[in-house]
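Side-chain atoms are counted along with the backbone in the values below, which use heavy atoms only and exclude waters and symmetry mates.
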Amino acid sequence: MAGTVIKRVGILGSGIMGAGLAEVAAKAGCEVIVRSRQRATADALLAGLGRSLDRQVEKGKLDDRTRGEILGRVVATDHLRALVECDLVIESVVEDLPVKKALFAELEQVVQPDAIFATNTSTFPVVELAVQTERPDRVCGLHFFNPAPLMRLVEIVRPLTASDDTVDALRAFALSCDKEPVVVADRAGFVVNALLFPYLNNAVRMLENGTASMEDIDAAMRGGCNFPMGPFALLDLVGLDTSLSILDALYAEFRDPNYAAVPTLRRMVAAGHLGRKSGQGFYRYG
Ligand SMILES: NC(=O)c1ccc[n+]([C@@H]2O[C@H](COP(=O)([O-])OP(=O)(O)OC[C@H]3O[C@@H](n4cnc5c(N)ncnc54)[C@H](O)[C@@H]3O)[C@@H](O)[C@H]2O)c1
């Protein structure tokens, strides 16, 4: 397979990331088919996309005609079979390895044999999904950041099994989406999370040690490193449960003490203090 060009994109999952990916791929001019398990959530995704594009028209970032063209390129379905002719399928369902493995095995039965399968997983070994298929050379990670329409980075995660053509096609696809791709080996955390989470974890350790208050640690990193937000504000934004599961995955892979989640983080998750989404994290919201 040389010189694969991606024109038709299937997306599995209609959560935060699935919705963002549909917008990104449709804006890049691809035909997009989003598959959700339920018709109602598939329809809700289309309605949400319409509202997101409306806001961009109101702000003058998009004209009405382009809005219509983008929406016209996206269809939603509850049938996996609708993805049969896709050139690329991006899996973005719940972060659960058995669920993702089963889905890759099912995709193999349904989607044309030349298609590339990508996963948006934040933590799992991509090779474990590749070997569920009969095309492990056509499987890669494609790790977008939240919110996908705004964040420019895409990590192309290359498992041992992937071919050069697959990586080249995904790089070209990411560039056509106006993203900045980087290619990274199939290791837990890839580049960004592997570097970011020890920092976040050590910020909580510093709070536990009484080095400074969380407000002062946040202020120090904003003012001293020019970061747009400090570590505690960022942990609350990402979600403390998500942060804990990323640290656990990193620790399981590398056994590096910097990845061992500090007790405060684990206790806060147990208490349901998950950050912005629960109204209470290191800070209180709402
Ligand atoms: N949220 C982020 O900041 C972020 C960033 C980068 C990557 N990711 C990754 O993207 C993926 C999706 O995350 P999200 O934040 O959109 O999650 P989400 O909870 O918003 O959406 C999850 C989707 O998975 C579907 N789903 C749940 N159980 C399923 C099952 N058994 N079979 C099929 N579908 C199922 C849900 O219906 C929903 O559409 C995950 O792998 C996550 O690690 C998330």
Side-chain angles (χ1 to χ4, degrees), residues 13 15-21 23-25 90-95 97 100 118-129 139-160 162 167 170-171 173-175 177-206 217-218 221-222 224-262 265 274-277 281-282:
I16 307 173
M17 292 305 288
L21 296 181
E23 180 173 331
V24 167
I90 309 174
E91 169 282 307
S92 191
V93 307
V94 64
E95 189 77 345
L97 189 57
K100 288 185 190 285
T119 173
N120 191 28
T121 182
S122 305
T123 44
F124 297 132
V126 177
V127 72
E128 291 200 29
L129 301 176
V139 178
C140 265
L142 203 54
H143 187 220
F144 287 82
F145 288 75
N146 185 18
L150 296 182
M151 298 294 280
R152 290 214 63 217
L153 180 67
V154 175
E155 290 176 318
I156 298 173
V157 184
R158 180 172 192 158
L160 287 174
V167 173
L170 290 176
R171 192 188 280 112
F173 171 69
L175 289 170
C177 294
D178 199 24
K179 299 296 181 199
E180 191 173 343
V182 297
V183 179
V184 46
D186 185 17
R187 307 260 190 287
F190 316 134
V191 171
V192 172
N193 287 345
L195 288 176
L196 177 63
F197 277 86
Y199 154 69
L200 296 177
N201 200 34
N202 279 316
V204 185
R205 199 188 318 272
M206 195 176 250
I217 296 171
D218 272 357
M221 296 312 288
R222 286 195 311 270
C225 293
N226 223 8
F227 287 179
M229 63 178 78
F232 295 98
L234 183 54
L235 280 161
D236 280 354
L237 182 69
V238 172
L240 303 196
D241 51 344
T242 306
S243 300
L244 181 60
S245 63
I246 291 172
L247 279 165
D248 284 346
L250 285 163
Y251 187 73
E253 177 116 318
F254 299 109
R255 302 283 159 186
D256 176 335
N258 284 303
Y259 293 133
V262 294
L265 195 56
L274 306 182
R276 276 175 191 259
K277 61 184 162 189
F282 287 99

For Y259 and F254: C-alpha separation, side-chain torsions, deciding distance, then whether ring pair (Phe, Tyr, Trp, His ring centres under 6.0 Å) applies. CA-CA 8 Å; Y259 293 133; F254 299 109; 5.7 Å; yes
What one should report as the nearest heavy-atom pair of H143 and T121 is CD2-O, 3.6 Å
Kindly indicate, with the supporting measurements, whether the criterion side chain to side chain contact (heavy atoms under 4.5 Å, CB included) is fulfilled by K179 and V24. CA-CA 9 Å; K179 299 296 181 199; V24 167; 4.1 Å; yes
Report yes or no: do T123 and E95 form a side-chain donor-acceptor pair below 3.5 Å? yes
Side-chain heavy atoms of N146 within contact of M151, under 4.5 Å: no
Look only at the side chain of R222 and the backbone of N226, and say whether a donor-acceptor pair between them is shorter than 3.5 Å. no
So, N258 and N201: side-chain donor and acceptor under 3.5 Å apart, yes or no? no
Under a 4.5 Å cut-off applied to non-hydrogen side-chain atoms, are F197 and L200 in contact? yes
Side chains of P159 and P125 in contact at under 4.5 Å (non-hydrogen atoms): no
Does L97 form a side chain to side chain contact (heavy atoms under 4.5 Å, CB included) with E128? I'd like the steps, not just the answer. CA-CA 9 Å; L97 189 57; E128 291 200 29; 3.5 Å; yes
Please tabulate, for side-chain N and O atoms in residues 228-244, each donor-acceptor pair with protein atoms closer than 3.5 Å (sequence neighbours left out).
| from | atom 1 | to | atom 2 | distance (Å) |
| --- | --- | --- | --- | --- |
| D236 | OD1 | F282 | N | 2.9 |
| D236 | OD2 | F282 | N | 3.2 |
| D236 | OD2 | Y283 | N | 2.9 |
| D236 | OD2 | Y285 | OH | 2.6 |
| D241 | OD1 | K277 | NZ | 2.9 |
| D241 | OD2 | K277 | NZ | 3.2 |
| S243 | OG | G239 | O | 2.8 |

Smallest separation among heavy atoms of G20 and A148, with atom names: C-CB, 3.9 Å
Would you list the atom pairs, donor with acceptor, under 3.5 Å between side chains in residues 180-196 and any protein atom, with sequence neighbours excluded?
| from | atom 1 | to | atom 2 | distance (Å) |
| --- | --- | --- | --- | --- |
| D186 | OD1 | V126 | N | 2.9 |
| D186 | OD2 | V126 | N | 3.2 |
| D186 | OD2 | V127 | N | 3.0 |

With a 4.5 Å cut-off on side-chain heavy atoms, are E155 and F145 touching? yes
When rounded to the nearest 0.5 Å, the distance separating OG of S122 from CE of M17 is 7.5 Å
Just by modelled atom types, is the F144 backbone N or O under 3.5 Å from a matching donor or acceptor in the N120 side chain? yes
Is any side-chain heavy atom of F173 closer than 4.5 Å to a side-chain heavy atom of L142? yes
Would you check if R152 and D178 make a side-chain contact, meaning some heavy-atom pair closer than 4.5 Å? yes
